[in-house]
Amino acid sequence: MSQAHKTRHSDAASARPDVAGCPARKWDTPRLHRSKARPARAMVAGRVGGPGPGGRALRGDGPALRGRWWQAVCRHAILARPPVGDQESCNHRRGIMSGSVRVRFAPSPTGYLHIGGVRTALFNWLFARHHGGTFILRIEDTDEKRSVTGAADDLMSSLRWVGITWDEGPDIGGPHGPYVQSERHAAGIYRPFVERLLASGHAYKSFVSEDELSQARAQADAERRPFRYRGPERDWTAEQVAAREATGAPYTVRLKVPLEGRTRFHDLVRGGDGIEIDHTNLYDIVLLKSSGMPVYHLAHLVDDHLMQVTHVLRSDEWVPSTPYHVLLYQAFGWRPPVFAHLPPILRQDGRGKLSKRFDDVAANRFWERGYLPDAMFNYLALQGWSYDDHTEIMTRDEVVARFGIERVQPSPARWNPDKLLDMNGIYIRALAPAALIAAITPFLVHAGLLEDPPTAEQQALLLLVAPLIHERLKELGEAPGLLEFFMREVAPHGSDAPLTYDPQQLIPRKLDAATTAAALAAVGARLATLDTWSVAALEEALRGLCATLDLKPGPLFGMVRVAVTGRTVAPPLFETLAALGRERTLSRVAAAHAALA
RNA sequence: GGCCCCAUCGUCUAGCGGCCUAGGACGUCACCCUCUCAAGGUGAAGAUCGCGGGUUCGAAUCCCGCUGGGGUCACCA
């Protein structure tokens with residue numbers, strides 16, 4: 001696993017961090033390696049099948065093969081059993097095989113996109129790319145009250161940042177546009193479908209007011225019984241409805257859910273016999289608000305049908321409302337898509353879903369926190385999906401080639417920032433030197449350590465200094481703190497106070513101020529006369545001084561480190577001195593010496 | 001509360017009836033390397049596979065019950 005990965009993020013490459021305000025970076029081919037990792041038997045390309053069920057990854061030769069093969073067959077048998085009939089189900093299979101898989105990510109623009117949303121988008125994207133299908137982005141903004149202006153743009157840049165690109169979407173259009181529901185509503189797309197349901201008796205106009213509803217709900221709560229609204233209007237005659245409508249009373253359109261029976265649907269992630277719900281647990285959901293705007297249940301379904309979506313991969317929380325959707329498909333006489341409900345990502349403390357209140361998970365903030373998109377991509381791919389028992393670091397292409405719903409777990413994952421951080425470190429270390437400099441420069445500029453753009457002199461310094469912190473970085477945002485003393489004559493940790501010394505730090509353990517001062521004076525004298533200011537010469541000189549002063553390297557180098565950097569933790573000493581230059585080194589050593597007087 | 005889903009080390013996971021005295025990774029700890037910190041190396045601790053019943057010659061793997069956790073019950077998505 002130590003050789004370079006040659007192919008990376010094919011179609012995502014050009015869409016890299018062009019996030020608003022996000023610096024463009026140069027993405028060299030990283031050398032991903034971690035010597036601890038095994039030679040990865042799973043990396044053998046032959047194990048990864050081509051697209052389609054027949055060619056899916058049938059890994060694990062030997063006894064496991066049969067099991068996996070059967071599982072694959074069974075999963076597809078599930079596809080073959082949707083409620084509409086054999087002809088239709090064959091289409092499903094054909095769909096996957098012929099590469100006509102169509103999936104979508106359909107967020108609502110109610111604010112920032114969080115990491116769980118990105119994961120849902122990612123799995124859809126991976127599914128589409130793996131099967132050579134189409135990935136659609138659709139904005140579901142049918143909630144006038146909650147929609148936030150600018151949220152859609154923000155959300156798109158979050159997706160682009162991790163390298164998720166769409167084939168059809170609001171900004172690029174496509175054969176089934178527009179891709180924003182409010183625009184589709186304005187275009188009158190949904191109305192005919194409501195009329196159709198009304199005409200066929202699958203839906204009805206409901207005249208209850210919101211007040212009446214909340215009252216009824218409150219009463220049901222008080223009586224500790226479930227509230228499941230079934231409008232009395234569901235049995236009204238056409239005349240009754242017309243009469244009421246003539247009064248100008250506002251109404252909603254509700255789905256007339258059958259009072260009896262059960263509805264079943266299959267789920268690719270869970271498998272088994274599917275999920276079945278008794279109609280007595282359902283109610284007559286609103287399809288059309290009194291404002292005339294369709295509700296999610298109706299809008300998404302009409303759009304999925306019109307956009308010929310074949311597979312719905314969405315978050316777990318939609319399971320309870322899926323029966324309504326199935327009923328709606330039946331009412332329209334349409335073939336439902338294949339459902340796959342993705343496990344949620346739980347909060348770090350495990351209590352509930354991810355939320356901004358408890359974890360810092362706004363997707364659009366990760367780049368500014370110093371995360372690499374590749375690291376995020378890799379981490380997120382592993383939240384609920386795995387390849388085998390040991391392969392974790394994978395390029396985009398590898399994940400695309402290996403991804404499959406069969407290996408998506410039904411059980412929840414938990415947000416694990418430590419793991420992400422570790423991966424980020426791995427990806428940072430894999431950056432080529434030039435890529436590292438490009439990656440950290442915006443952070444240094446932001447911290448006021450570099451001009452924007454950096455001067456030639458600053459660029460030269462970066463070239464010298466960036467490699468010193470390369471393997472010490474886990475977040476790019478740590479760069480300013482680590483490099484600050486190269487660029488400013490100030491105290492560490494962002495303070496504007498001049499460089500000052502804490503004698504406690506300056507004086508090594510078991511030494512006193514006088515000895516330390518004497519040693520620093522000797523260091524100053526020696527370095528002042530050094531012939532060549534190079535790493536090798538510096539090391540030779542300082543090691544020589546150890547003998548002269550009868551000090552061990554630890555204490556001597558330690559005090560010089562504090563003198564020169566103002567801190568006890570810093571990059572390797574000789575490289576640091578070499579980069580800092582003779583003049584600044586000597587003046588700081590002198591200043592430290594003075595501080596001990 | 002009703003309904004639904006889920007259940008392997010602290011966390012992410014491997015496991016598809018015998019390859020399991022349960023494998024890997026993160027995190028933790030120790031040691032090595034070493035001018036500090038990292039990185040790297042070696043090793044350790046850490047899971048009676050939530051509990052209880054079955055089925056089976058054999059179960060982490062299949063079935064049932066329980067418990068626990070999560071989701072959902074809007075003119076929000």
Side-chain angles (χ1 to χ4, degrees), chain A residues 34-38 62-64 66-68 70-71 106-108 110 140-143 145-146 206 208-210 213-214 217 221 224-229 250 252-254 267 270 275-278 280-283 285-291 293 295-297 299-300 315-323 341 343-344 346 348 350-353 379 382-393 409-416 418-423 425 429 469-474 482 539 542-543 552-558 560-562 565 567-574:
Chain A
R34 167 166 266 205
S35 50
K36 233 176 172 176
R38 295 184 198 164
R66 168 163 300 212
R68 288 199 181 284
W70 269 110
Q71 188 181 35
S108 61
T110 53
E140 312 224 316
D141 58 346
T142 50
D143 186 348
K145 299 188 193 83
R146 292 206 314 159
S206 171
V208 247
S209 71
E210 289 189 66
L213 271 175
S214 55
R217 217 187 314 275
D221 276 0
R224 310 190 78 227
R225 62 179 166 81
F227 178 72
R228 299 193 184 95
Y229 187 80
T252 60
V253 175
R254 288 179 182 267
D267 184 299
R270 269 149 271 270
I275 299 166
E276 189 177 70
I277 280 126
D278 195 295
T280 54
N281 295 308
L282 270 26
Y283 76 103
I285 53 164
V286 169
L287 261 21
L288 198 71
K289 305 180 198 180
S290 54
S291 66
M293 183 71 94
V295 159
Y296 166 85
H297 299 296
H300 97 276
S315 123
D316 206 74
E317 74 207 55
W318 293 103
V319 169
S321 53
T322 304
H341 289 95
L346 266 25
Q348 199 180 349
R351 312 234 66 190
K353 288 191 301 181
Y379 171 77
L382 259 14
Q383 292 299 290
W385 175 80
S386 64
Y387 178 57
D388 61 14
D389 62 346
H390 67 277
T391 308
E392 291 200 326
I393 302 300
Q409 268 230 329
S411 56
R414 199 186 291 204
W415 175 238
N416 186 351
D418 281 342
K419 183 89 174 183
L420 207 213
L421 188 66
D422 177 65
M423 275 204 180
R429 273 172 256 136
I469 62 164
H470 198 161
E471 68 187 17
R472 272 157 260 261
L473 281 181
K474 287 203 164 184
L482 292 172
E539 175 157 12
L542 287 176
R543 287 203 187 276
K552 288 186 171 165
L556 182 67
F557 298 171
V560 175
R561 169 174 298 107
V562 174
T565 68
R567 64 191 70 202
T568 53
V569 173
L573 188 59
F574 312 118

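Order of the sequence lines fixes the chain letters, A, B, ..., with proteins taken first and strands second; residue numbering starts at 1 for each chain. Any value given below was found using the heavy atoms of this structure, including those in side chains, with hydrogens, waters and symmetry copies removed.
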* Structure fact -> Here the pair of heavy atoms bringing A/P572 nearest to A/R472 is CD-NH2, 3.3 Å
* Asked: Counting side-chain heavy atoms from C-beta on, which of B/A77, B/C6, B/G70 comes nearest to A/V295?
  -> B/A77
* To do: Please state the P separation for the pair B/U42 and B/G53 - nearest whole angstrom.
  => 43 Å
* Structure fact -> A/K419 has its side chain closest, among B/C76, B/C3, B/C12, to B/C12
* Asked: Where does the angle between the aromatic ring planes of A/H300 and A/Y296 fall among parallel (under 30°), tilted (30 to 60°) and perpendicular (over 60°)?
  -> parallel
* Asked: Can you find a side chain N or O atom of A/K289 that sits less than 4.0 Å from OP1 or OP2 on B/A74?
  -> no
* Asked: Reckon A/Q348 touches a base, only the sugar-phosphate, or nothing at all at heavy-atom distances under 4.0 Å?
  -> nothing
* Candidates B/C76, B/G2, B/G27 - which lies nearest the side chain of A/R228 -> B/G2
* Counting any heavy atom closer than 4.0 Å, what does A/W415 reach on the DNA or RNA strands: base, sugar-phosphate only, or nothing? -> nothing
* Does the distance from a Lys or Arg side-chain N to an Asp or Glu carboxylate O, for A/D316 and A/R270, drop under 4.0 Å? -> yes
* **Distance below 4.0 Å between A/T142 side-chain N/O and B/A77 OP1 or OP2** => yes
* Taking the side chain of A/P572 as heavy atoms from C-beta outward, which of B/C35, B/A39, B/G70 is closest to it? -> B/C35
* So which nucleotide from B/A77, B/U11, B/U36 ends up closest to the side chain of A/R414? -> B/U11
* To do: Would you please confirm or rule out a distance under 4.0 Å between OP1 or OP2 of B/G70 and any side-chain N or O of A/R351?
  => yes
* Asked: What is the nucleic acid contact for A/L573, judged by heavy atoms within less than 4.0 Å: base, sugar-phosphate only, or nothing?
  -> base
* Asked: Of the candidate nucleotides B/U72, B/C12, B/C5, which contains the atom at the shortest distance from the side chain of A/R270?
  -> B/C5
* **Gap in Å between the two P atoms, one belonging to B/G50 and one to B/G68, rounded** => 16 Å
* Have a look at A/S315 and say if it touches a base, only the backbone sugar-phosphate, or nothing, with a 4.0 Å heavy-atom cut-off. => nothing
* To do: Please answer whether the main-chain N or O of A/N281 pairs with a side-chain N or O of A/R228 as donor and acceptor at a distance below 3.5 Å.
  => yes
* Asked: NA contact type, A/K552, heavy-atom cut-off 4.0 Å: base, sugar-phosphate, or nothing?
  -> nothing
* Asked: Can a side chain N or O of A/R543 be found less than 4.0 Å away from OP1 or OP2 on B/C35?
  -> yes
* To do: Provide the distance between the two P atoms, one in B/C64 and one in B/G70, to the nearest whole Å.
  => 24 Å
* Under 4.0 angstrom, heavy atoms only, what part of the nucleic acid is A/G384 near: base, sugar-phosphate, or nothing? -> sugar-phosphate
* If you measure from the P atom in B/C5 to the same atom in B/C66, how many Å do you get, rounded? -> 14 Å
* Any side-chain N or O of A/R472 less than 4.0 Å from the OP1 or OP2 oxygen of B/G40? -> no
* Nearest-angstrom distance, P atom, B/G46 to B/A22 -> 12 Å
* To do: Give none if B/G46 has no partner; otherwise give the nucleotide forming a Watson-Crick or G-U wobble pair with it, both distances under 3.5 Å.
  => none
* To do: Quick one: label A/R146 by what it contacts on the DNA or RNA (base, sugar-phosphate, nothing), any heavy atom closer than 4.0 Å.
  => base
* Asked: If only side-chain N and O atoms of A/K145 are considered, is one of them under 4.0 Å from the OP1 or OP2 phosphate oxygen of B/A77?
  -> no
* To do: Specify the residue among A/P226 and A/P320 whose closest nucleotide of RNA chain B lies further upstream toward the 5′ end.
  => A/P226
* Asked: Is A/T568 touching bases, backbone alone, or none of the nucleic acid, heavy atoms closer than 4.0 Å?
  -> base
* What integer number of Å spans the P atoms of B/A59 and B/G18? -> 11 Å
* Asked: Counting any heavy atom closer than 4.0 Å, what does A/S290 reach on the DNA or RNA strands: base, sugar-phosphate only, or nothing?
  -> base
* **From B/C75, B/C37, B/U11, nucleotide with atom closest to A/N416 side chain** => B/U11
* To do: Remember a base hit wins even if backbone is also touched, and classify A/V253 as base, sugar-phosphate or nothing at under 4.0 Å, heavy atoms.
  => nothing
* Just call it for A/P343: base, sugar-phosphate, or nothing, with non-hydrogen atoms closer than 4.0 Å on any strand. => nothing
* To do: Ignoring the backbone of A/E140, work out which of B/A77, B/C37, B/C4 is nearest its side chain.
  => B/A77
* Base, sugar-phosphate, or nothing: which does A/E392 touch, judged by heavy atoms less than 4.0 Å apart? -> base
* **Whole-Å C1' distance, B/G10 and B/C49** => 16 Å
* Distance between P atoms of B/A14 and B/G24 (Å, rounded) -> 15 Å
* If you look at every strand shown and take non-hydrogen atoms under 4.0 Å, does A/Y379 touch a base, only sugar-phosphate, or nothing? -> nothing
* **Between NE2 on residue A/H341 and CD on residue A/E317, distance to nearest 0.5 Å** => 9.5 Å
* Asked: Between A/R561 and B/C35, does any side-chain N or O lie under 4.0 Å from OP1 or OP2?
  -> no
* So what does A/P410 touch, heavy atoms closer than 4.0 Å: a base, only the sugar-phosphate, or nothing? -> sugar-phosphate
* Of the candidate nucleotides B/C35, B/C26, B/A14, which contains the atom at the shortest distance from the side chain of A/D418? -> B/C26
* Side chain of A/D389 only, please: which of B/A77, B/C35, B/A14 is the nearest? => B/A14
